[in-house]
Protein chains: 2
Amino acid sequence: MKKHKSPSKEALFAKMRENKVKVTSQREKIIDCLLSTSQPQTAEEILAKLKKSKAPGKCDLVTIYRSLHQFEKINIVQKSFFSENSAQYCLNDLDDHHHHHHFLCKKCQKIIEVDSCLLDSQLKNLEKKGFREISHRLEFFGICPDCAA
Amino acid sequence: MKKHKSPSKEALFAKMRENKVKVTSQREKIIDCLLSTSQPQTAEEILAKLKKSKAPGKCDLVTIYRSLHQFEKINIVQKSFFSENSAQYCLNDLDDHHHHHHFLCKKCQKIIEVDSCLLDSQLKNLEKKGFREISHRLEFFGICPDCAA
DNA sequence: GTGCGTGCAAACATTTTGCAACTTT
DNA sequence: AAAGTTGCAAAATGTTTGCACGCAC
């Protein structure tokens with residue numbers, strides 16, 4: 001399992017400013033929320049957390065969608081599609097651009113990061129066959145070690 | 001690249017009856033539609049094709065959703081999530097239960113089947129770590145050999 | 001001050017549900 | 001006849017857009 005090192009808030013802000021994405025109080029709170037867990041979260045979940053926080057301030061669901069979309073464009077968040085109905089978002093490592101993959105436990109619903117380096121050989125294989133600019137989406141489902149025990 | 005052998009209509013009907021899923025004229029047409037191409041299709045696309053066919057009969061979009069859902073439950077179709085907004089469906093091989101993976105070309109939008117056996121080592125790895133009943137979803141994006149040439 | 005960001009309301013798209021009538025087995 | 005399926009209308013869900021106001025740079 002890969003240990004996912006959370007980027008620092010300052011590094012994230014720097015990347016935002018670099019890309020002319022403004023740092024607002026709402027966006028800071030969204031980022032806090034993303035930093036607070038390694039679990040990918042839906043826009044609704046983020047909203048719920050913000051509302052429960054000490055200083056909720058004002059933040060609309062729409063703002064969350066728009067911010068996440070911006071964050072995704074500048075590559076600081078990753079969108080995934082575990083729950084079939086709604087997209088989930090989590091922070092990307094800033095340094096290595098390898099996005100990570102997840103494992104969703106059917107029992108405890110926990111989401112666990114998975115080291116995906118074994119896919120590299122498959123990607124090389126596709127390259128050899130003439131495919132180019134390959135990206136991918138990989139998600140696992142099943143029962144996690146804790147629940148299996 | 002794996003050659004995907006289409007199951008026969010009769011085999012599909014048999015599996016449906018086996019599972020108490022009734023064979024109706026609407027469902028036969030939906031299956032014809034799925035058989036007509038190896039490309040995963042959305043419910044809307046299937047509806048459009050049905051309406052254009054020689055003997056359109058009557059079939060509502062709702063019926064297509066419901067049928068696909070049934071088909072998915074008895075494992076004769078596979079749901080995928082290439083287009084971020086809507087699910088796409090395609091027939092499964094009936095014999096080997098290995099579902100297949102796809103590659104979506106960013107240029108020509110063609111969807112190509114990909115042999116996924118290289119993932120097996122990763123799955124074994126997860127098994128070793130205590131994960132159980134693992135299933136997965138894997139999709140590739142990029143430029144296909146034809147377009148790259 | 002400019003341009004990007006925000007909240008609100010409303011639109012949109014996809015998928016699901018309730019129900020009475022109808023078909024397959 | 002029983003069980004499952006259909007069409008229609010309506011609802012639910014997740015996400016996007018338009019617009020006037022507001023804030024970061």
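Per chain, numbering begins at 1; letters A, B, ... match sequence-line order. Just so it is clear, the values below take in all heavy atoms, side chains as well, and ignore hydrogens, waters and symmetry mates.
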Take the protein atom [atom1] of [X] and the nucleotide atom [atom2] of [N], then report the distance between them rounded to whole Å.
{"X": "Leu47(B)", "N": "dT6(D)", "atom1": "CG", "atom2": "P", "value": "13 Å"}
{"X": "Glu45(A)", "N": "dG14(D)", "atom1": "CD", "atom2": "P", "value": "10 Å"}
{"X": "Glu28(B)", "N": "dT6(D)", "atom1": "CD", "atom2": "C1'", "value": "16 Å"}
{"X": "Gln70(A)", "N": "dA24(D)", "atom1": "CD", "atom2": "P", "value": "17 Å"}
{"X": "Ile46(A)", "N": "dT15(D)", "atom1": "CD1", "atom2": "C1'", "value": "14 Å"}
{"X": "Glu18(B)", "N": "dG4(D)", "atom1": "CD", "atom2": "P", "value": "16 Å"}
{"X": "Glu72(A)", "N": "dT16(D)", "atom1": "CD", "atom2": "C1'", "value": "14 Å"}
{"X": "Met16(B)", "N": "dG4(D)", "atom1": "CE", "atom2": "P", "value": "14 Å"}

**Request:** Go through the N and O atoms of the side chain of Lys20(B) and the base of dA3(D), and report whether any donor-acceptor pair is under 3.5 Å.
**Result:** no
**Request:** Would you please test Ile64(B) and Cys59(B) for side-chain contact (heavy atoms from CB on, under 4.5 Å) and show each step?
**Result:** CA-CA 8 Å; Ile64(B) 297 177; Cys59(B) 188; 3.8 Å; yes
**Prompt:** First contact, last contact: which nucleotides of DNA chain C are these for chain A, 5' to 3', heavy-atom distance under 4.0 Å?
**Reply:** dG3(C) to dA9(C)
**Request:** May I have the step-by-step check of side-chain contact (heavy atoms from CB on, under 4.5 Å) for Lys29(A) and Thr63(A), ending in yes or no?
**Result:** CA-CA 11 Å; Lys29(A) 281 177 198 130; Thr63(A) 299; over 6 Å; no
So, does [X] use its side chain to make a donor-acceptor pair with the main chain of [Y] at under 3.5 Å?
{"X": "Arg17(B)", "Y": "Lys22(B)", "value": "no"}
{"X": "Gln26(B)", "Y": "Gly57(B)", "value": "no"}
{"X": "Ser53(B)", "Y": "Leu50(B)", "value": "yes"}

**Asked** Is the shortest side-chain N/O distance from Gln26(B) to OP1 or OP2 of dG7(D) below 4.0 Å?
**Response** yes
**Asked** Reckon Arg27(B) has a side-chain N or O less than 4.0 Å from the OP1 or OP2 of dT6(D)?
**Response**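 Result: yes.
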**Prompt:** Nearest heavy-atom pair of Leu34(B) and Tyr89(B): which atoms, and what distance?
**Reply:**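 Reported closest heavy-atom pair: CD2-O, 3.7 Å.
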**Request:** To the nearest 0.5 Å, tell me how far Lys54(B) NZ sits from Lys52(B) NZ.
**Result:** 13.0 Å
**Prompt:** Given that Ala43(B) and Val21(B) both sit by DNA chain C, which one's nearest nucleotide is further toward the 5' end?
**Reply:**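 Residue closer to the 5' terminus by nearest nucleotide: Ala43(B).
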**Prompt:** Considering heavy-atom distances to DNA chain C, does Lys79(B) or Thr24(B) have its closest nucleotide positioned more toward the 5' end?
**Reply:** Lys79(B)
**Request:** For the pair Asp32(B) and Lys9(B), find out whether any cationic side-chain nitrogen is under 4.0 Å from an anionic carboxylate oxygen.
**Result:**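 Here Asp32(B) pairs with Lys9(B) in a salt bridge, since their nearest N and O are under 4.0 Å apart.
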**Asked** For DNA chain D, whose closest nucleotide is more 5', that of Arg17(A) or that of Tyr89(A)?
**Response**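 Result: Tyr89(A).
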**Prompt:** If we only count heavy atoms from C-beta on, is the Val23(B) to Ile31(B) side-chain gap below 4.5 Å?
**Reply:** no
**Item:** DNA chain C contacts among residues 62-69 of chain B, heavy-atom distance under 4.0 Å
**Value:** Val62(B), Tyr65(B), Arg66(B)
